[in-house]
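Let me begin by presenting the structure, written as structure tokens, before commenting on it.
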2 protein chains.
Amino acid sequence: MNNLKITKTLQDYFFVLYVLAELGAREKTVKLSTKFLAEKLDLSQQTISRYLISLERIGWIRRTATREGSFIRITDLGDLQLRKVRAALNFIFERKPSPIIIEGTVFSGLGEGAYYVTREPYRKQFIEKLGFDPYPGTLNLKLTSEYDIQMRRELEVRSGIEIHGFSDANRTYGPVKCFLARVNGKEKGAVILALRTHYDSSVIEVIAPKHLRNVLGLKDGNRVRVEVFLEG
Amino acid sequence: MNNLKITKTLQDYFFVLYVLAELGAREKTVKLSTKFLAEKLDLSQQTISRYLISLERIGWIRRTATREGSFIRITDLGDLQLRKVRAALNFIFERKPSPIIIEGTVFSGLGEGAYYVTREPYRKQFIEKLGFDPYPGTLNLKLTSEYDIQMRRELEVRSGIEIHGFSDANRTYGPVKCFLARVNGKEKGAVILALRTHYDSSVIEVIAPKHLRNVLGLKDGNRVRVEVFLEG
DNA sequence: ATTACTACTTACCGAGTAG
DNA sequence: TCTACTCGGTAAGTAGTAA
């Protein structure tokens, strides 16, 4: 589970608890002085003293304060706090990234998408690298909000799935990159970005095995939601 | 490595960074409002605003603030902070517990240690569970400091390696528990505690495969340092 | 809606110190 | 030495508000 409730208490005492754990107070009673802890945490001896009193009051540590120093042991409850943070951090680092959501409005291009998509060297790579034979044509989406444009910029920076350029007798076709995507929560497809040339940054083009306009019943002006997968 | 340097900065901003990471800002630019973050962290919108400005200044996040909201991405440096805390926590939870150190002063008992240790049912269990055949005799240590007595109490609470009691024709021998230990940093041995009966809480008894007094050159009054292993 | 400034308040920290 | 109290200054958090 992901959901770590971040209370004020946790924010205040987490690192004190951490230092105690580092000193072995999870496993056994450790002896230390408030001055020592203060140096470790870059705080004053007095502040640590207050912290320890509070930590004991909320039941995260058990403690005996003597003239010789403080004997401290982290309780099960305190240990649980550390475990929670650890689990939450591990979860964040191990989960797979959530997709980028981009929304845009359907509009008709000049029909040149169909031409490019059907060039055989491109098509072969789409099949091989994306896992589908694209419908001859692209779905053009106009991005309007600041958010969507920012997300599209994000894609420009990413590596994605690279489709190499090539040349035929007449001209050169530039390299392109793709991101697998899901359209309107249902249809598999891919967002496709020209690499070198400077397309309009407020537009994205989507290819898919099916004819998206038909299968999703889309008309110009309809809003479409695209989930763009950054990996896989 | 264990050593996490806990700076003020880390203490101040760790949980903000955590929440951002939870929202996916490690992998992509995320959009959010200061108000939203404020609720997550139980702070005011204004405070979050200041935090984000600071986080950007120290280079832990990159950010674009617009009327629509804030676009935030954690930088490599920010990611490193999270990784450090994660690694430190994982280390603490995965390392094997460090031994308890108890120091005491050698004194002569009444010699009854030798009698108990050589009772065959005890001896068989020592060999089986501790991995050595104990020298017939115990090394008695008197604990003086508050610290050492506290540590001995700690042992009383622990489970340790249990040696079962038994009866012969004449009497009953109670159960005992042991902790593997190292004496004066060199000699293998075990601390031995009677389970039910109430021994003097300021004394520990050590058994070992060798005659510790001889091999360590100990006389009454010498100080001895015992590392007590809690597991294994 | 937002962000983030200024002004204000508060609660927190640490110096001094007792036990 | 230690811990932990009182207390005053101030840094940190928030309310109001502009953009």
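Order of the sequence lines sets the chain letters (A, B, ...), proteins ahead of strands, with each chain counted from 1. As the structure is a prediction and not an experimental result, all values here were calculated from the model.
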Among residues 39-48 of chain A, which residues get a heavy atom nearer than 4.0 Å to DNA chain C? A:L43, A:S44, A:Q46, A:T47

NA contact type, B:S49, heavy-atom cut-off 4.0 Å: base, sugar-phosphate, or nothing? base

With a 3.5 Å cut-off and no angle check, do the side chains of B:S201 and B:E156 form a donor-acceptor pair? yes

Qualifying residues under side-chain hydrogen bond (donor to acceptor under 3.5 Å, both in side chains), relative to B:D42, sequence neighbours excluded: none

Taking every heavy atom of A:G24 against every heavy atom of A:V30, the minimum-distance pair comes out as C-CG1, 3.9 Å

Show the nearest heavy-atom pair for residues B:A181 and B:V226, with the distance to one decimal. CB-CG1, 3.7 Å

For A:R153, all residues meeting salt bridge (charged side-chain N to carboxylate O under 4.0 Å, His left out), sequence neighbours excluded: none

Base, sugar-phosphate, or nothing: which does B:Y51 touch, judged by heavy atoms less than 4.0 Å apart? sugar-phosphate

Please report the interatomic distance CD1(B:I48) to NZ(B:K35), rounded to the nearest 0.5 Å. 12.5 Å

Between B:F71 and A:Y147, how do the two ring planes meet: parallel, tilted or perpendicular, split at 30° and 60°? parallel

Considering residues at least two apart in sequence or located in another chain, which fulfil the side-chain hydrogen bond (donor to acceptor under 3.5 Å, both in side chains) criterion with B:D220? B:S108, B:R213

Heavy atoms of chain B, cut-off under 4.0 Å: which first and last nucleotide of DNA chain D, 5' to 3', fall inside that, if you could look? D:dG13 to D:dG16

Under 3.5 Å, side chain of A:N222 to main-chain N/O of A:K219, donor-acceptor pair present? yes

Could you tell me which residues satisfy side-chain hydrogen bond (donor to acceptor under 3.5 Å, both in side chains) with B:Y13, sequence neighbours excluded, listed by chain and number? B:S54

Comparing A:K8 with A:R50, nearest DNA chain D nucleotide closer to 5' gives the residue A:R50

Return each pair, listed once, that meets side chain to side chain donor-acceptor pair (under 3.5 Å) where at least one residue sits in residues 178-190 of chain B; pairs must be two or more places apart or across chains. B:R182-B:E227

Give the first and the last nucleotide of DNA chain C, reading 5' to 3', that has any atom under 4.0 Å from a heavy atom of chain A. C:dC13 to C:dG16

Scan residues 57-75 of chain B against DNA chain D and write down, sorted by residue number, each residue with any heavy atom closer than 4.0 Å; if none is found, say none. none

Can you tell me how the ring of A:F15 sits relative to the ring of B:F14, calling it parallel under 30°, perpendicular over 60° and tilted otherwise? perpendicular

Using a heavy-atom cut-off of 4.0 Å across all strands, would you classify A:I53 as base, sugar-phosphate, or nothing? sugar-phosphate

At what angle, to 10 degrees, do the two end axes of the helix from C:dT2-D:dA19 to C:dG19-D:dC2 meet, given five pairs define each axis? 40°

For residues 69-84 of chain A, which residue pairs pass the side chain to side chain donor-acceptor pair (under 3.5 Å) check, not counting sequence neighbours? A:R26-A:D79, A:R73-B:E154, A:D79-A:R83

Contacts satisfying salt bridge (charged side-chain N to carboxylate O under 4.0 Å, His left out) that involve residues 48-61 of chain B (not counting sequence neighbours) are B:E56-B:R63

Tell me, yes or no, whether the heavy-atom count around B:K177 atom NZ, taken from other residues, nucleotides or ligands under 6.0 Å, exceeds 12. yes

Under 4.0 Å between any heavy atoms, over every strand shown, what does B:L32 touch: base, sugar-phosphate, or nothing? Just pick one. sugar-phosphate

